[in-house]
Number of protein chains: 2
Amino acid sequence: MKTTRNTTAKTAVLEVFEKSKTALSHAEIQKQLNDVCDRVTIYRILDRLVNDDIVHKISNLDGTVKYAKCNHSHQRVHIHNHAHFSCENCHEITCLDTVKPSYIMPHNYKVNEINFTLSGLCPKCLNSNI
Amino acid sequence: MKTTRNTTAKTAVLEVFEKSKTALSHAEIQKQLNDVCDRVTIYRILDRLVNDDIVHKISNLDGTVKYAKCNHSHQRVHIHNHAHFSCENCHEITCLDTVKPSYIMPHNYKVNEINFTLSGLCPKCLNSNI
DNA sequence: TATTATTTGCAACAATGTTGCGATAAAATT
DNA sequence: AATTTTATCGCAACATTGTTGCAAATAATA
Ligand SMILES: [Zn+2]
Ligand SMILES: [Zn+2]
Ligand SMILES: [Zn+2]
Ligand SMILES: [Zn+2]
């Protein structure tokens, strides 16, 4: 099952995630990597990390895509049911691990996955009242 | 405030929305329009319709962007707080006007907008059990 | 060290969206 | 109805994001 290799590029990407408190886009990762590897390689590494449940992919309201390290990879059943916050000011995306929405669905739908994203002002930007 | 003009292209786009029960992508709209106008014009019309609160924009898990006609444009306060359903089989996006998630936020966040998207199987695809 | 399968770089391509600008057409004014 | 004003359009060019094929490089293993 686990057949993905530990390459220098993959290690470098993981280090970038380790250093960051917020979710990162492909472009942001590339900038931090400083030509450690090709653009395409980053895409492929991210694909593998998502597949291996080490990282999860977040699609945002504005169409941007970001990735964040999972802090629940150890759990047997791996489900990304937490919410994400997207700051309108600093554009940072953070995982809200504790926020889980409750809702009532109409009949005849089978829900497999949910995506709950909230946007507004993050604590940092709220305090420096713009 | 209302300064957008009624052009033939805009009318054609609105007719396409009128005919559709589900949300539509730019590409889908373009196909239905049959060269009524340029690709760029459709983008600009959609921008205006979103601005005028006639249509709302939906960003999906898979990165695709779709648009749907608002059925609450008459309301004084115009907020898109309903959920959307994305079918994994037929890839149709439908507005779930009745589904509104409840949740508890950590302190120090100011929430302006929410996006709640559920994916799985729609009633149509669930019945034709694939 | 030799073997094998995964990963990488490169080039090329596709999809989606944006911008500038002169031409066109809708709406307001005369 | 003709004129003026200004939003809208078409076109071309560009930017960004993501994908694919294939030969070369590299990690895991035996
Ligand atoms: Zn912020
Ligand atoms: Zn997350
Ligand atoms: Zn379906
Ligand atoms: Zn909707």
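Naming convention: chains lettered A, B, ... in sequence-line order (proteins, then strands); numbering from 1 in each chain.
Formation of a donor-acceptor pair under 3.5 Å by the H26(B) side chain with backbone atoms of V65(B) is not found in this model. For T11(A) (side chain) and T7(A) (main-chain N/O), a donor-acceptor pair under 3.5 Å exists by modelled atom type. No donor-acceptor pair closer than 3.5 Å links the side chain of T41(B) to the backbone N or O of C37(B). Judged purely by atom type and a 3.5 angstrom limit, D38(A) uses its side chain to pair as donor or acceptor with the backbone of V40(A).
Comparing dC9(D), dA11(C), dT8(D) by their closest approach to the side chain of T4(B) singles out dT8(D).
To the nearest angstrom, P of dA13(D) lies 14 Å from CZ of R39(B). In this structure, the CZ atom of R44(A) is 19 Å from the P atom of dA5(C), given to the nearest Å. Atoms CD1 (I45(B)) and C1' (dG10(D)) sit 12 Å apart, rounded to a whole Å. Straight-line distance from the CG atom of D47(A) to the C1' atom of dT17(D): 13 Å, rounded to whole Å. Per the geometry, CD1 belonging to I42(B) stands 12 Å off C1' belonging to dG10(D), to the nearest Å. Regarding H26(A), its NE2 atom lies at a distance of 18 Å from the P atom of dA15(D), rounded to whole Å. Atom OH in Y43(A) sits about 13 Å away from atom P in dT20(D), given to the nearest Å.
In this structure, K21(A) does not pair ionically with E92(A), as no charged nitrogen and carboxylate oxygen lie closer than 4.0 Å. Ion pairing of K66(B) with E28(B) is present here, as a side-chain N (NZ or NE/NH1/NH2) and a carboxylate O approach within less than 4.0 Å.
Two residues are said to be in side-chain contact when any heavy atoms from C-beta on lie closer than 4.5 Å; C122(B) and F85(B) meet this criterion.
Of the listed residues (I93(A), N115(A), L118(A)), just one forms a side-chain contact (heavy atoms from CB on, under 4.5 Å) with H84(A), and that residue is I93(A).
Only V36(B), C37(B), D38(B), listed by number, bring a heavy atom of residues 27-38 of chain B to less than 4.0 angstrom from any atom of DNA chain D. For residues 6-17 of chain A, proximity to DNA chain C is found at T7(A), A9(A), defined as any non-hydrogen atom under 4.0 angstrom from a strand atom.
Close to dT8(C), at under 4.0 Å from its OP1 or OP2, lies a side-chain N or O of R48(A).
Within 4.0 Å of V40(B), counting heavy atoms only, lies at least one base atom of the nucleic acid.
Taking 3.5 Å as the limit, the base of dT8(D) and the side chain of R5(B) contain no donor-acceptor pair of atoms between them.
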Task: T4(B) and D52(B): CA distance, side-chain angles, deciding distance, side chain to side chain donor-acceptor pair (under 3.5 Å) verdict - done: CA-CA 8 Å; T4(B) 58; D52(B) 292 351; 2.7 Å; yes
